[in-house]
K.L.:
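Okay, handing you the structure first.
It should be emphasised that the depicted structure is a prediction, and the values quoted were computed from it without experimental measurement. Letters go in sequence order (proteins before strands), and every chain restarts at 1.
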There are 2 protein chains.
Amino acid sequence: MESTQYIAALSALAHDGRLEIYRLLVQAGPAGLTVGEIGDALAMPGATLSFHLSQLKHAGLVAARRDGRRLIQTANFERMNALVAYLTENCCGGQACAPVCEPACAPAASVPRRAQKRARA
Amino acid sequence: MESTQYIAALSALAHDGRLEIYRLLVQAGPAGLTVGEIGDALAMPGATLSFHLSQLKHAGLVAARRDGRRLIQTANFERMNALVAYLTENCCGGQACAPVCEPACAPAASVPRRAQKRARA
DNA sequence: TCCATATTTCTAGAATAATGGAAATAAAGA
DNA sequence: TCTTTATTTCCATTATTCTAGAAATATGGA
């Protein structure tokens, strides 16, 4: 994933309406929500919602599958994980840094879990 | 932390130059870097760098401490962790969702680690 | 085929953000 | 106090993004 992809993902999330849409989809999980359901939940005009969904899709944070005449939108969890990993890449120069940046960069850190627990205490 | 604070953090990171600055500071860890060092590393004019650092500070992602006539900039790891937790809050409706959204939302999930391991398999 | 529903594309004005040179401020040493 | 170095603020220009009505498109059912 390229640097510009991360910028796209962050830009997509850096908007009140879009962040709400995204969080709604994260909470909905793999089952997803239709465009209409999202519009109702957030009281957002169709054109505006469609614009924001397209931004989220362009950033790879949201995907859609068709179900009859509705489109079911779902969050792309892999993209989210990649973004978090990128932000915390080589955190603290790669040293054991658990007390500083736990939990966000723990998955990226190449430190055994036992060592992290010890450092945290 | 308010919703607007998360938007501020995401907006701050949603810019090529600022994302580079932030990642540089994450990698530098608690020791931090001076404004001049960042400017040299990224070949960015002083006024531009100062503008971007102020955005990152306003978003709470970066803090500064003075050391003589330089200002040492450091990443605020707590804010990063809060942001990740917010994005993944109540992920998948609170169900055991490890295979879907591990690792980003694992710290936020209220699911015992054993149950997550089982679900992942 | 015709209709109703679901969603997207088009559009343009309004609002917001980025850039970097020049001038201002802040701190430390001579 | 004067000077040097480090950093920020001011400013105008340019570029990008947001909003939502109206029109267009897609799908499934009668």
K.L.:
Starting at CD1 of B:I38 and ending at P of D:dA6, how long is that distance when rounded to a whole Å?
P.N.:
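Result: 14 Å.
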
K.L.:
Rounding to an integer number of Å, can you tell me how far A:L53 CG sits from D:dC18 P?
P.N.:
13 Å

K.L.:
Report whether A:L13 and A:F51 are members of the same hydrophobic cluster (ILVMFWY, side-chain heavy atoms less than 4.5 Å apart, transitive linking).
P.N.:
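Hydrophobic grouping puts A:L13 apart from A:F51.
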
K.L.:
Where do A:Y86 and A:S3 come nearest, in terms of heavy atoms and distance?
P.N.:
OH-CB, 3.9 Å

K.L.:
Looking at B:K57, does any N or O in its side chain come under 4.0 Å of the phosphate oxygens OP1/OP2 on D:dT7?
P.N.:
no

K.L.:
Name the pairs: protein N/O against N/O of nucleotides 19-22 of chain C, kept only if under 3.5 Å.
P.N.:
residue: C:dT19; atom: OP2; partner: B:H15; partner atom: NE2; Å: 3.4
residue: C:dT19; atom: OP2; partner: B:H52; partner atom: NE2; Å: 2.6
residue: C:dG20; atom: OP2; partner: B:T48; partner atom: OG1; Å: 3.4

K.L.:
Could you check whether A:G46 gets within reach of a base, just the sugar-phosphate, or nothing at all, counting any heavy atom under 4.0 Å?
P.N.:
base

K.L.:
How is A:S54 classified with respect to the nucleic acid when contacts are heavy atoms under 4.0 Å: base, sugar-phosphate, or nothing?
P.N.:
nothing

K.L.:
Rounded to the nearest Å, what distance is computed from the CZ atom of residue A:R70 to the C1' atom of nucleotide C:dT5?
P.N.:
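These atoms are roughly 9 Å apart.
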
K.L.:
Check nucleotides 23-30 of chain C for protein N or O atoms closer than 3.5 Å to its own N or O atoms and list the pairs.
P.N.:
none

K.L.:
Using the side chain to side chain contact (heavy atoms under 4.5 Å, CB included) criterion, which residues pair with B:T34? Sequence neighbours excluded.
P.N.:
B:E37, B:R70, B:I72

K.L.:
Rounded to the nearest Å, what distance is computed from the CG atom of residue A:L49 to the P atom of nucleotide C:dT9?
P.N.:
13 Å

K.L.:
Can you check the A:D16 CG to D:dT17 C1' distance for me, whole Å?
P.N.:
15 Å

K.L.:
Scan A:Q55 against the nucleic acid and name what it touches under 4.0 Å (heavy atoms): base, sugar-phosphate only, or nothing.
P.N.:
sugar-phosphate

K.L.:
Check for a donor-acceptor pair, side chain of A:R18 on one end and backbone N or O of A:L49 on the other, with a separation under 3.5 Å.
P.N.:
no

